[in-house]
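None of these values were measured; they are calculated from a predicted model. Counting convention: from 1, in listed order, for ligands and their atoms alike.
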Amino acid sequence: MALNIKRPNGTEDVLPKDVYKWHTVEKIARETAESFGFGELRFPTFENTELFLRSVGETTDVVQKEMYTVKAKETEFTLRPEGTACAIRAMLQNGLLNEALPQRIYYIISCFRHERPQAGRLREFHQFGVEMAGSAAPTADAEVILLAKTLLERLGLKNIKLLINSIGCPTCRAKYHEALKAYFEPHIDELCDTCKERLVKNPMRLLDCKSPICKEIGKDAPVITDYLCEDCSDHFAKLQKYLTGFGIEYTVDPRIVRGLDYYTKTVFEFVTTEIGAQGTVCGGGRYDGLIQQLSGQPTPALGFGMGIERLLLVMDKQGCDYLTPKKCDIYFATMGDAALEKAMQLTKDLRELGYCAEYDLMGRGIKPQMKYANKINAAFTVVIGDNELESGRVKLKEMSKGEETELALDDKFIGNFDSIYIDKMFEQFDEASTVKAFGQIAGQQ
Ligand code: ATP
Ligand code: MG
């Protein structure tokens, strides 16, 4: 009977034939973060629900409708809907903020949000995120944005726009909230139910509503940049100067308020119009009050989260290059037990050198073995039967060209194969891509 249990809505399987795309993003993300002095932090998939209530904010979509909260025995947990709160919790609990500042960490995690699944919007999705704690200076904002930008560039992405805004500090935001209330109150009956509540509790959230009616009403709402205090305004001006210094193009978009409550001052998004409505590939900002809110010493901090599924959608669309997936370098087709055992030995030794080598595990005849070698796209094949064992010579066949080279089946076989393989690599690539190919081999071992 066929298994009729399917994966839950809004989740995805990644098959071995596609996983190289994920490996590409993960590898380049790690290398980029590490080149900026960030180290990887790993934390649990679930946390005490209260962590998210106290950080993400009770009036946000995430807390109001999207959290996966599970009760196990008598205790309640929530599957992480994002990484910042978890990362800060882990930094506090492990005393990282008592060490050299700024503390810089990155993570590659799955996140869980109960949303309506669609292209680029999943219930389990993945984020590459970074957090930097300890610096209040606008250089830190510029550095974090440069990291995101550098990664997008190294992935080969084009036409991704950077939008920035400052949403001020609690001081300047109080005045702005009043202005927003005054603007939206005459329209209160037309707003969606969530926004009616937001108007009372956190009017800035109204600007982040996805309902077309609320969006339309909010079109001419006052903008935060007109309400910034001197400190916030100065911080924002310096950030823009540094971004220009780094040659990073940006647009100031006063409508960006971000979906989570803990942001202060700088917020930013990297957006594209190429993958439909879910075009924000990266969102981040400063959250100077969060660490104190979570019972730490007051410590300014900032970070971003990048949606890996959305990145891959854009990379596929733009035809970006991925690191080449590892495929079978050499397949031994064998006849008889003695040949099989010889192939098993050679395979083991070749793998020690980093080659992907295979032999028959199905007890098939030579013809189906060669068919299999073709199917898995083996670069080279060797047939070993009684004749080969007797003569001590085999033919190494390069499958793409059909060319054969005769080799001795002695203890020089591995070394000889190694030199032929490397020569072929040089033939295949021009100089620049050869360097890349070797980088990949080294990276895969
Ligand atoms: P959106 O406005 O698209 O709902 P958000 O403001 O909720 O995004 P953040 O909480 O800032 O998103 O998360 C950072 C990034 O994670 C987003 O920019 C996006 O790339 C990705 N992301 C967020 N939610 C999802 C999801 N449900 N599925 C896939 N990726 C997501
Ligand atoms: Mg969202």
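- Contact of the Phe112 side chain with the Met67 side chain is not registered, since no non-hydrogen atoms from C-beta on lie closer than 4.5 Å.
- Considering backbone and side-chain N/O of Thr280, one or more are found under 3.5 Å from N/O of ligand 1.
- For CZ of Arg351, the number of neighbouring non-hydrogen atoms (other residues, nucleotides, ligands) closer than 6.0 Å is greater than 12.
- The heavy-atom pair separating Ala182 from Pro186 by the smallest distance is O-CD, 3.3 Å.
- Ligand 1 has no N or O atom lying under 3.5 Å from any N or O atom of Met306, backbone or side chain.
- Using a 4.0 Å cut-off between a side-chain N of Lys or Arg and a carboxylate O of Asp or Glu, Glu427 and Lys401 qualify as a salt bridge.
- Defined by atom type and a distance below 3.5 Å, a donor-acceptor pair is present between the side-chain atoms of Glu131 and Tyr287.
- With a heavy-atom cut-off of 4.0 Å, Glu115 touches ligand 1 through its side chain alone.
- Per-residue contacts place Leu122 under 4.0 angstrom from the following atoms of ligand 1 (heavy atoms of the residue considered): 26 (C), 27 (N), 28 (N), 29 (C).
- Within the structure, the closest approach of Arg310 to ligand 1 falls below 4.0 Å when heavy atoms are considered.
- Residue Lys210 touches ligand 1 through its side chain alone, judged by heavy-atom distances below 4.0 Å.
- Taking a cut-off of under 4.0 Å to the non-hydrogen atoms of Gly283, the atoms of ligand 1 that pass are 18 (O).
- At least one heavy atom of Arg113 lies less than 4.0 angstrom from ligand 1.
- Between Phe46 and Phe77, the ring centre distance stays below 6.0 Å.
- A pairwise comparison of heavy atoms in Lys196 and Ile188 identifies CE-O, 3.2 Å as the closest pair.
- Applying the 4.0 Å criterion to heavy atoms of Cys282 picks out, from ligand 1, the atoms 18 (O).
- Comparing heavy-atom distances from atom 13 (O) of ligand 1 across Gln127, Glu82, Arg116, His114 singles out Gln127 as nearest.
- For ligand 1, the atoms closer than 4.0 angstrom to any heavy atom of Val281 are 18 (O), 20 (O).
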Listed pairs under 3.5 Å, donor-acceptor, residues 149-162 side chains, sequence neighbours left out:
from, atom 1, to, atom 2, distance (Å)
Thr150, OG1, Leu146, O, 2.6
Arg154, NH1, Thr32, OG1, 3.2
Lys158, NZ, Gly156, O, 3.3

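- With atom 23 (C) of ligand 1 as the reference point, the heavy atom nearest to it among Tyr263, Phe112, Phe125 is part of Phe125.
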